[in-house]
2 protein chains.
Amino acid sequence: MPFPALLKPLLVAGALTLLGSAPALADTADARPALRGTGDLGVVIERATGSVALVDTTAKRVLRHVEGLGDLSHASVKFSRDARYAFVFGRDGGLTRLDLLEGEIAGRVMQSGNSIGGAISQDGRFVAVSNYEPGGVKVFDAETLELVVDVPADYRTADGTTAQSKVVGVVDAPGNRFVFSLFEAGEIWVLDMSGDEPALTKYRNVGSQPYDALITANGRYYIAGLFGEDGMALLDLWHPERGVTRILPDYGRGEARLPVYKMPHLEGWAMAGDQAFFPAVGRHEVLVADTDDWSLSGRIPVQGQPIFVMSRPDERQVWVTFAHPDNDRVQVIDTETHEVIETLSPGESVLHKEFTARGEHIWVSARDSDTVTVYDTRTFEALATLNAESPSGIFFTHRAHRIGL
Amino acid sequence: MPFPALLKPLLVAGALTLLGSAPALADTADARPALRGTGDLGVVIERATGSVALVDTTAKRVLRHVEGLGDLSHASVKFSRDARYAFVFGRDGGLTRLDLLEGEIAGRVMQSGNSIGGAISQDGRFVAVSNYEPGGVKVFDAETLELVVDVPADYRTADGTTAQSKVVGVVDAPGNRFVFSLFEAGEIWVLDMSGDEPALTKYRNVGSQPYDALITANGRYYIAGLFGEDGMALLDLWHPERGVTRILPDYGRGEARLPVYKMPHLEGWAMAGDQAFFPAVGRHEVLVADTDDWSLSGRIPVQGQPIFVMSRPDERQVWVTFAHPDNDRVQVIDTETHEVIETLSPGESVLHKEFTARGEHIWVSARDSDTVTVYDTRTFEALATLNAESPSGIFFTHRAHRIGL
């Protein structure tokens with residue numbers, strides 16, 4: 001074996017699947033962290049303390065906590081092309097570049113007063129952040145965090161003045177493009193970073209108040225949910241000349257039979273074959289659409305108002321988290337029978353979940369229990385329970401290699 | 001920046017996208033390699049010299065060559081769960097564990113006299129190798145390369161004696177299973193490694209001489225090509241109780257209008273939505289099947305006998321390599337129009353190609369030109385040409401995170 005003796009203990013530890021307390025990342029013999037692959041690393045957002053937990057999905061443990069990331073409510077994470085760096089998008093406009101190997105912050109900019117997520121370009125060179133205050137999108141160099149492009153979300157209001165719109169649902173698309181939605185303006189914009197100069201295309205009057213969006217796993221369809229009316233706005237990126245069309249006309253608050261505790265996340269759409277599973281708004285249902293024509297094809301009763309609906313990588317199961325007051329349970333749906341086959345109770349205020357790349361495990365965060373539970377997705381056995389400070393979002397490095405994640 | 005000064009040059013170099021000569025992996029200040037993420041690394045097989053080239057897909061360069069891997073004709077590669085180690089399956093029965101960070105061999109066993117590929121289990125703990133001489137499958141511990149399970153491919157011959165069958169088409173499947181085919185026996189076996197004891201299920205009389213196989217990206221369908229008759233054998237792993245069925249009854253040599261220079265690789269099937277693109281046998285055509293019922297739905301004329309048919313990750317393009325004597329060209333098919341939209345000439349004896357994880361680039365090996373060319377898949381511009389010794393297979397670490405790759 002070619003490894004220096006000092007490294008062996010960490011290498012062996014990294015290989016076992018059930019270990020106790022976490023070792024430090026750093027090799028004890030000197031200041032340099034141990035060599036390790038970055039394919040089985042992840043980040044858990046600890047919103048209450050403005051920190052993140054760096055995790056190892058092979059050892060199923062927390063490697064260390066990193067503090068100083070600001071307001072992390074609704075924070076999300078993207079990963080660099082080499083899966084070494086995590087880009088953490090904070091609610092306070094902070095963009096933090098986190099070195100997963102050093103376990104330290106490797107760059108941080110306060111790029112706006114209020115932001116809501118970001119994306120990394122197909123080639124890994126650019127990081128885009130969508131902002132609320134002021135509205136717009138800023139694009140940064142992924143290495144240096146230097147500002148590359150500033151795209152103010154200017155639009156003409158009803159009274160003829162120009163204002164800035166909040167921007168939501170920014171995603172990466174093939175061709176080194178970023179796609180995002182303007183809440184007040186009701187527009188979808190495409191920013192093409194593939195040429196020497198950025199090119200911006202605007203789609204107007206797509207619907208009232210797009211509040212979130214997703215892009216399908218193949219990067220073809222960009223779908224925005226509408227807060228101000230029913231239905232959703234769809235842009236087929238293979239045929240931009242067709243413009244933005246409307247799908248699922250009944251989708252939204254108009255059909256709600258119950259008070260809406262929280263608008264569902266669209267990022268959570270689960271694709272399985274030609275079925276899309278997604279959360280109903282204000283109803284105890286998971287909806288199913290046929291992705292060939294985006295028509296509604298099914299309704300699945302569940303135990304609460306669904307928030308995140310995520311597909312196991314092999315598409316055989318869909319896992320669902322819920323809004324208050326039913327957010328202490330997680331349900332599992334069989335994508336073939338559309339039946340709920342399991343209900344789990346991971347803790348109080350379950351906020352997020354993440355599958356390992358090939359789907360053998362899922363990690364579930366329970367904010368008010370300060371725990372992250374790792375389940376076997378075949379047996380539903382709880383394999384490990386990790387301590388974290390008010391954990392919310394969970395993000396694994398394999399996202400670096402997926403379109404739209 | 002938290003990096004020790006000594007590391008900075010390498011870290012910066014790793015970030016640029018157009019660099020000159022390749023630095024060594026090792027930090028010049030001491031014996032230890034520089035820290036780096038492993039998400040943008042890859043391995044290029046150099047069959048003539050029994051070596052591999054370690055490559056960086058961000059810098060588009062060769063990092064170093066590693067020798068001593070034996071006979072690498074038809075060699076293939078799988079990656080460890082953490083994307084640090086490559087498992088190289090040599091034709092001579094050698095199984096080599098390669099450390100991509102140290103740039104050295106981290107374990108090697110001669111596990112048979114003649115082997116033809118392998119797989120790594122969903123949980124990353126087990127590596128399976130399919131063998132020709134003697135026939136069978138051996139499963140090794142991914143850390144130590146210690147033998148865990150030996151599965152001889154015994155079967156009863158026509159004259160009632162027991163013999164060992166060559167094993168082909170071993171893949172990983174969800175549920176920590178390995179699936180493989182027995183050439184002489186005409187059987188498909190499923191080895192379940194999820195329990196305390198391995199469990200083996202045998203499907204007999206699946207067809208004459210299965211010679212290669214694939215598993216779909218969601219891990220549901222295992223499809224074996226038949227050398228001894230037309231048609232293909234399909235096992236639906238969601239419904240093993242249905243047994244093995246026959247699909248594409250006309251597929252094979254029976255419809256060949258031309259001499260068959262080489263049986264196509266099934267690993268190369270390209271899935272795009274509900275279409276599967278795959279090579280015709282002995283014909284200048286790429287065939288298209290409807291994955292809903294696995295019926296033949298189209299034929300696309302191409303410039304030679306196709307060998308590998310691979311889909312760009314966004315499913316908008318399919319790239320095709322060809323058998324001798326047309327193996328100096330690569331063609332690109334639009335998956336929507338089914339038209340050939342580009343023909344490229346990367347060099348002599350084009351053997352393999354690999355897309356970057358999100359599809360912005362493709363790397364193409366030209367064995368007799370000793371080059372690997374990196375193309376932009378949108379503009380078809382050649383971005384870089386790397387030197388390698390008779391390069392064949394190209395494998396990037398993002399495969400660690402995909403079912404069946």
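Quick caveat, the model's predicted, so the values are computed rather than measured. Per chain, numbering begins at 1; letters A, B, ... match sequence-line order.
Annotation: side chain of B:R81 is not in contact with side chain of A:R358 (no heavy-atom distance under 4.5 Å). A heavy-atom distance below 4.5 Å is found between the side chains of B:R378 and A:S194.
Atom CZ of residue A:R316 and atom CG of residue B:L237 lie 10.5 Å apart, to the nearest 0.5 angstrom. One distance of note links CD of B:E315 with CD1 of A:I403; it measures 8.5 Å at 0.5 Å rounding. Taking CG of A:L35 as the start and CG of B:L100 as the end, the distance is 11.5 Å to the nearest 0.5 Å.
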Next item on the list: Would you please test A:E360 and B:R125 for salt bridge (charged side-chain N to carboxylate O under 4.0 Å, His left out) and show each step?
Entry: CA-CA 12 Å; A:E360 72 276 19; B:R125 293 174 58 203; over 6 Å; no

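When all heavy atoms are compared, the tightest approach of A:A83 to B:G39 is CB-CA, 4.1 Å.
Note on ring orientation: taking the six-membered ring where Trp is involved, the planes of A:H401 and B:H398 are tilted (angle from 30° to 60°).
Residue A:D376 does not touch chain B at all, counting heavy-atom pairs closer than 4.5 Å. With a 4.5 angstrom heavy-atom cutoff, B:T397 does not touch chain A via any of its atoms. Contacts between A:T377 and chain B at a heavy-atom distance below 4.5 Å are absent for every atom of the residue. Within the 4.5 angstrom heavy-atom criterion, only side-chain atoms of B:T335, from C-beta onward, approach chain A. Residue contact with chain A, scored on non-hydrogen atoms closer than 4.5 Å, involves the side chain of B:D172 exclusively.
Options B:T57, B:D314, B:T356 differ in how many heavy-atom pairs under 4.5 Å they form with chain A, and the most are formed by B:D314. When each of A:R312, A:H361, A:R220, A:E336 is scored by its heavy-atom pairs under 4.5 Å with chain B, the top score falls to A:E336.
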